[in-house]
Amino acid sequence: MNMPMLLPHPHQHFLKGLLRAPFRCYHFIFDSRTHLGSGISSARPFNSLGLRCTKWMLLSDGLKRKLCVQTTLKDHTEGLCDKEQRFVDKLYTGLIQGQRACLAEAITLVESTHSRKKELAQVLLQKVLLYHRKQEQSNEGKPLAFRVGLSGPPGAGKSTFIEYFGKMLTERGHKLSVLAVDPSSCTSGGSLLGDKTRMTELSRDMNAYIRPSPTRGTLGGVTRTTNEAILLCEGAGYDIILIETVGVGQSEFAVADMVDMFVLLLPPAGGDELQGIKRGIIEMADLVAITKSDGDLIVPARRIQAEYVSALKLLRKRSEVWKPKVIRISARSGEGISEMWDKMKEFQGVMLASGELTAKRRKQQKVWMWNLIQESVLEHFRTHPTVREQIPLLEHKVLTGALSPGLAADLLLKAFKSRD
């Protein structure tokens with residue numbers, strides 16, 4: 001992918017940041033008098049930054065140059081010491097061989113907030129991504145795995161459903177990975193990570209892998225690294241990826257930007273169809289499953305099913321080839337779960353044949369990129385020396401009422417913009 005930019009005053013820190021960016025090729029236009037800091041001419045510093053100059057072009061006015069800078073996997077790995085290189089190679093080899101211990105260690109590396117470990121994680125992800133692309137090419141360009149997002153209110157029976165559903169899939173020869181996201185406490189910052197304990201049978205299945213992860217305050221009920229974890233699971237050979245998310249609400253839309261199909265689980269006593277529309281989450285669902293449809297709850301489950309069928313007719317279509325379905329299931333008796341899998345396979349086949357699934361995944365990559373950019377920009381803003389010095393003072397003034405939050409934010413932004 002080419003990324004054109006006009007940079008009158010590029011900076012070395014910016015260029016170093018390119019090493020961690022997902023793009024492979026950059027085109028910059030510099031003024032011929034541009035310096036990149038410390039009196040260094042724009043023609044010199046790229047090799048020292050690990051960026052390779054591949055083309056120079058002098059334009060007719062003689063004032064601008066066009067430079068193509070490429071980052072390659074080799075450029076990424078040049079900065080690693082022998083121990084780090086062996087560590088990444090060991091994880092990569094074990095991962096593509098399907099070793100669960102290596103997969104667990106790789107996800108832990110990706111979730112780390114340590115700066116050096118984050119760099120190692122990017123090297124590993126790049127290697128896995130290249131392997132993943134080769135595997136997809138050998139599969140005629142079709143996705144190797146089916147990504148499914150599961151959401152629902154507390155008590156909807158998500159973990160019970162995944163236990164039964166997962167055992168059914170592994171018995172049919174599938175390899176299943178469950179990424180269960182637990183909410184982190186706003187007070188202590190901790191997380192129970194208890195979903196795995198409620199899937200005792202599935203957690204012992206060698207064809208299933210369950211990974212609980214904390215949200216660390218991330219909106220949408222998914223972690224910042226959920227996308228990377230999906231890629232690692234697919235690289236390890238898992239062909240069905242289930243992402244179980246936290247609760248329901250408008251912020252839950254984040255999970256819809258990383259899965260092929262979004263499934264909403266609702267209990268029979270979850271309110272009428274108006275409650276579902278108010279939540280907003282119903283708009284994103286490709287399949288709605290009314291859980292606990294057994295015993296005395298069969299009648300209310302049928303009523304809720306009929307109400308949601310009517311409600312979905314009022315919503316705008318998200319796909320030209322698929323209409324969201326509403327079904328009833330019971331993880332206790334197993335009723336409807338096999339039929340639910342048939343609906344999910346039908347969805348995958350229809351979306352693949354129409355090309356919508358491929359287009360959806362491409363769009364998700366762009367959304368993911370911008371989410372990471374927003375997070376990185378905010379982190380860069382917080383850690384900037386000038387801003388970091390002023391944050392405690394301005395926060396105190398806001399707390400005491402001496403300064404409005406809006407004015408404090410403007411002052412911090414001005415301090416950030418006026419940096420050298």
Side-chain angles (χ1 to χ4, degrees), residues 1 3 11-24 26 48-51 69-96 101-132 179 181 184 189 191 193 211-220 222-236 243 254 257-258 364-385 387-388:
M1 181 182 295
M3 183 179 177
H11 195 276
Q12 279 188 326
H13 293 303
F14 170 80
L15 294 170
K16 287 179 180 178
L18 295 178
L19 290 173
R20 296 185 293 274
F23 298 111
R24 303 300 302 277
Y26 307 83
S48 64
L49 294 176
L51 301 172
V69 181
Q70 270 194 336
T71 61
T72 64
L73 181 58
K74 182 179 179 182
D75 294 327
H76 277 77
T77 56
E78 280 179 352
L80 302 183
C81 66
D82 291 341
K83 183 179 179 180
E84 291 172 334
Q85 186 65 59
R86 287 195 301 270
F87 173 68
V88 171
D89 289 342
K90 183 199 76 168
L91 284 186
Y92 171 73
T93 304
L95 182 75
I96 63 175
C102 289
L103 173 59
E105 194 171 357
I107 295 178
T108 300
L109 180 67
V110 164
E111 290 179 346
S112 174
T113 56
H114 188 276
S115 58
R116 187 57 180 171
K117 288 183 178 180
K118 287 169 75 173
E119 292 176 8
L120 294 178
Q122 291 305 313
V123 175
L124 176 64
L125 285 168
Q126 188 65 24
K127 289 168 72 74
V128 174
L129 184 61
L130 292 174
Y131 171 78
H132 188 264
L179 302 176
V181 184
S184 297
S191 195
L193 303 180
R211 173 75 181 207
S213 299
T215 61
R216 295 191 181 95
T218 308
L219 283 177
V222 291
T223 69
R224 178 186 62 84
T225 55
T226 301
N227 252 314
E228 285 95 338
I230 292 172
L231 178 62
L232 293 173
C233 290
E234 291 182 2
I243 300 97
D257 288 325
M258 60 180 66
Q364 288 171 353
Q365 292 294 317
K366 187 177 77 170
V367 172
W368 179 19
M369 178 196 76
W370 280 109
N371 288 341
L372 292 176
I373 287 174
Q374 289 176 6
E375 182 178 324
S376 298
V377 167
L378 181 59
E379 181 64 23
H380 183 57
F381 174 79
R382 286 179 177 273
T383 56
H384 186 269
V387 174
R388 191 170 61 238

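Positions are given from 1 along the sequence.
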### Message
Rounded to the nearest 0.5 Å, what separates atom CG in Leu103 from atom CG in Leu91?
### Response
10.0 Å

### Query
Do Arg382 and Glu379 sit within salt-bridge range, that is, some charged N less than 4.0 Å from a carboxylate O?
no

#### Entry: Spacing of Glu105 atom CD and Leu124 atom CG [to the nearest 0.5 Å]
10.0 Å

### Task
Report the distance from atom SG of Cys102 to atom CD1 of Ile96, rounding to the nearest 0.5 Å.
10.5 Å

### Message
What's the separation between atom CD in Glu228 and atom CG in Leu109, rounded to the nearest 0.5 Å?
### Response
11.0 Å

### Query
Are side-chain heavy atoms of Asp257 and Trp368 found at a separation under 4.5 Å?
no

### Message
Does atom CZ (Arg388) have a neighbourhood of more than 12 heavy atoms from anything else shown, all under 6.0 Å?
### Response
yes

### Which atom of Cys233 lies closest to which atom of Leu179, heavy atoms considered
SG-CD2, 4.1 Å

### Query
NE2 of His132 to CG of Leu129: how many Å apart, nearest 0.5 Å?
8.0 Å

### Task
Kindly indicate whether the side chain of Asp89, heavy atoms from C-beta on, has any atom under 4.5 Å from the side chain of Lys127.
yes

### Message
Quick one, Thr226 with Arg211, criterion side-chain hydrogen bond (donor to acceptor under 3.5 Å, both in side chains). Give me CA distance, side-chain angles, the key distance, then yes/no.
### Response
CA-CA 11 Å; Thr226 301; Arg211 173 75 181 207; over 6 Å; no

### Message
I need the Leu125 CG to Leu120 CG distance, nearest 0.5 Å.
### Response
11.0 Å

#### Entry: Check: Val88 and Glu84 side chains under 4.5 Å, non-hydrogen atoms
no

### Query
Any side-chain heavy atom of Ile230 within less than 4.5 Å of one from Glu234?
yes

